[in-house]
Amino acid sequence: MTTTVQTDARALFQAAYENRYTWDENFPGYTADVTYRQGDKTYHAKCRINADFTFDVTDIEEGEGKKAIHGQVWEIAVHRVRRAFEETHGKNTFTLGATDPDGGVEILVGGKSEGDRYKVRNNEVSLVHRHIHGVVVTINTFSSHDTGNGYLSHRYDSIYSDPKTGAVKGARSEFEDLYEQIGGYYILTSRTITTEQHKSEFLFTNVQLLERV
């Protein structure tokens with residue numbers, strides 16, 4: 001019985017994992033102008049994400065503005081990479097947990113990533129609870145974009161906590177992401193991040209795909 005449950009949990013999670021929108025092997029990369037606003041401060045820069053998912057942030061001085069933009073461009077690139085399920089989760093086991101009233105099914109992870117957990121709803125990962133670099137990050141997704149070729153998160157939040165005590169570290173952040181289809185690829189054009197303390201906005205304009213090599 002346990003084996004069947006594990007297989008069902010794995011199949012359910014794998015299907016949702018593989019339903020994420022990612023850029024394909026023909027992705028050429030792109031450049032964009034970036035505007036970052038927080039409070040009364042506005043920063044401008046340029047970014048370039050290459051076909052191999054390396055990236056640069058230029059035309060801005062070193063400092064908090066460049067650091068914030070660099071962090072967001074890294075997030076964009078790393079989340080559009082397609083990695084095989086076995087490569088990422090091959091050393092994990094999966095069992096079914098509780099089912100929410102909205103149909104979300106909890107997936108409990110054992111093996112290499114023991115202690116992590118997810119929720120899957122409508123063939124999408126709606127909750128991520130992962131141990132990363134000595135902290136636990138919990139991400140709830142409230143709505144998504146259906147690209148017809150996988151989903152992209154639209155509205156979601158994130159909370160960091162202590163893995164031993166569960167105490168929350170820092171403020172809860174709420175995100176809203178907007179995408180445009182450019183040259184056949186969905187590309188982030190706006191990200192708004194709101195906490196109790198402040199609101200940040202990242203705008204990506206003048207998006208130009210690079211020439212395919």
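Here the structure is a predicted model, which is why all the values come from computation and not from measurement.
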- Task: In sequence, state the C-alpha distance, the side-chain angles, and the governing distance for L203 and T189, and then conclude on side chain to side chain contact (heavy atoms under 4.5 Å, CB included).
- Result: CA-CA 6 Å; L203 299 174; T189 53; over 6 Å; no
- Message: Between F204 and D33, is there a side-chain heavy-atom distance shorter than 4.5 Å?
- Response: no
- Query: Does CZ belonging to F55 count more than 12 external heavy atoms closer than 6.0 Å?
  - Reply: yes
- Query: If you measure from the Lys or Arg side-chain nitrogens to the Asp or Glu carboxylate oxygens, is any gap between R10 and E86 under 4.0 Å?
  - Reply: yes
- Item | F202/I69 under side chain to side chain contact (heavy atoms under 4.5 Å, CB included): CA gap, chis, key distance, verdict | CA-CA 8 Å; F202 297 86; I69 292 169; 4.2 Å; yes
- Please check if V128 and F85 belong to a single hydrophobic cluster, counting links between Ile, Leu, Val, Met, Phe, Trp and Tyr side chain heavy atoms closer than 4.5 Å. yes
- Atom OG1 in T141, atom CG in D177: separation rounded to 0.5 Å? 10.0 Å
- Message: Are the side chains of Q181 and T147 in contact, using a 4.5 Å heavy-atom criterion?
- Response: no
- Plane angle bin for F27 and Y30 - parallel if under 30°, tilted between 30 and 60°, otherwise perpendicular: perpendicular
- Query: For residues T58 and D56, is any side-chain donor paired with an opposing acceptor at under 3.5 Å?
  - Reply: no
- Query: Is the closest basic N to carboxylate O distance between R117 and E106 below 4.0 Å?
  - Reply: yes
- Message: Are there over 12 heavy-atom neighbours, none belonging to E75, within less than 6.0 Å of that residue's CD?
- Response: yes
- Validation row, ring centre Y156 to ring centre F142 under 6.0 Å: no
- Message: Testing the basics here: between Y21 and N149, what is the closest heavy-atom pair and its distance to 0.1 Å?
- Response: CD1-O, 3.5 Å
- Would you call R37 and E201 a salt bridge, taking side-chain N to carboxylate O under 4.0 Å as the test? yes
- Note on the structure: Closest non-hydrogen contact found for N26 with Y185 is C-OH, 3.2 Å
- Message: salt bridge (Lys or Arg N to Asp or Glu O under 4.0 Å) for E64 and K41? Distances and angles first, verdict last.
- Response: CA-CA 11 Å; E64 61 178 313; K41 294 179 180 176; 3.1 Å; yes
- Query: Mind checking whether F94 and V109 have side chains closer than 4.5 Å, heavy atoms only?
  - Reply: yes
- pair Q38-H198: side-chain heavy atoms closer than 4.5 Å: yes
- Query: Side-chain donor-acceptor pair under 3.5 Å between S144 and H154, yes or no?
  - Reply: no
- Note on the structure: Minimal heavy-atom distance between S153 and H145, with the atoms involved, is O-CD2, 3.8 Å
- Note on the structure: All heavy atoms of T88 vs all of R83, minimum pair found to be OG1-CB, 3.6 Å
- Message: Check this for me: does any side-chain nitrogen of one of R172 and E196 sit under 4.0 Å from a carboxylate oxygen of the other?
- Response: no
- Message: Does this structure show an ion pair linking D24 with R82, if we count only N-O contacts that are shorter than 4.0 Å?
- Response: no
- Is I187 linked to I76 within one hydrophobic cluster, defined over Ile, Leu, Val, Met, Phe, Trp and Tyr using a side-chain heavy-atom separation of less than 4.5 Å? yes
- Message: Within a 6.0 Å radius of atom CZ on R20, are there more than 12 heavy atoms belonging to other residues, nucleotides or ligands?
- Response: yes
- Item | Contact check, side chains of L152 and R80, non-hydrogen atoms, under 4.5 Å | yes
- Query: Looking only at heavy atoms, which two atoms of A9 and I107 are closest? And how far apart?
  - Reply: O-CD1, 3.8 Å
- Message: Parallel, tilted or perpendicular: which one describes the rings of Y36 and Y43, with boundaries at 30° and 60°?
- Response: parallel
- Query: When hydrophobic residues are tied together by side-chain contacts of less than 4.5 Å, even through go-betweens, does L127 share a cluster with V125?
  - Reply: no
- Message: Working note: V105 + L96, criterion side chain to side chain contact (heavy atoms under 4.5 Å, CB included); need CA distance, chi angles, decisive distance, verdict.
- Response: CA-CA 7 Å; V105 179; L96 295 172; 3.8 Å; yes
- Treating Ile, Leu, Val, Met, Phe, Trp and Tyr as nodes and any side-chain heavy-atom pair under 4.5 angstrom as an edge, say whether V207 and I49 lie in one connected cluster. yes
- Quick one: pull up CD in Q197 and OG1 in T194 and give me the separation to the nearest 0.5 Å. 11.5 Å
- Query: Aromatic ring centroids of Y17 and Y118 under 6.0 Å?
  - Reply: no
- Aromatic centroids of Y186 and Y179 separated by under 6.0 Å: no
- Once you round to the nearest 0.5 Å, how far does OG of S113 lie from CZ of R130? 7.0 Å
- Item | Donor + acceptor pair across side chains of Y151, N123 (<3.5 Å) | no
- Task: Ignoring hydrogens and angles, tell me if any N or O in the side chain of D100 forms a donor-acceptor pair with the backbone of D102 under 3.5 Å.
- Result: no
- Message: Within this structure, what is the SG-CD distance for the pair C47 and Q72, rounded to the nearest 0.5 Å?
- Response: 11.0 Å
- Could you tell me whether D162 atom CG has more than 12 heavy atoms of other residues or ligands within 6.0 Å of it? yes
- Any chance the side chains of T192 and E176 put a donor and an acceptor closer than 3.5 Å? no
- Drop me the distance from F175's CZ to N140's CG, to the nearest 0.5 angstrom. 12.5 Å
- Message: Test side chain to side chain contact (heavy atoms under 4.5 Å, CB included) on H44 and I60; report intermediate values, then the result.
- Response: CA-CA 7 Å; H44 297 283; I60 184 173; over 6 Å; no
- Counting only heavy atoms not in E61, do more than 12 fall under 6.0 Å of its CD? no
- What heavy-atom pair brings N92 and G111 nearest, and what distance separates the two atoms? OD1-C, 4.2 Å
- Straight-line distance of T93 OG1 to E114 CD, nearest 0.5 Å: 7.5 Å
- Message: Can you see whether D116 engages H129 through a side-chain donor-acceptor pair at a distance of less than 3.5 angstrom?
- Response: no
- Query: Can V136 be reached from I132 by stepping across I, L, V, M, F, W or Y side chains whose heavy atoms are under 4.5 Å apart?
  - Reply: no
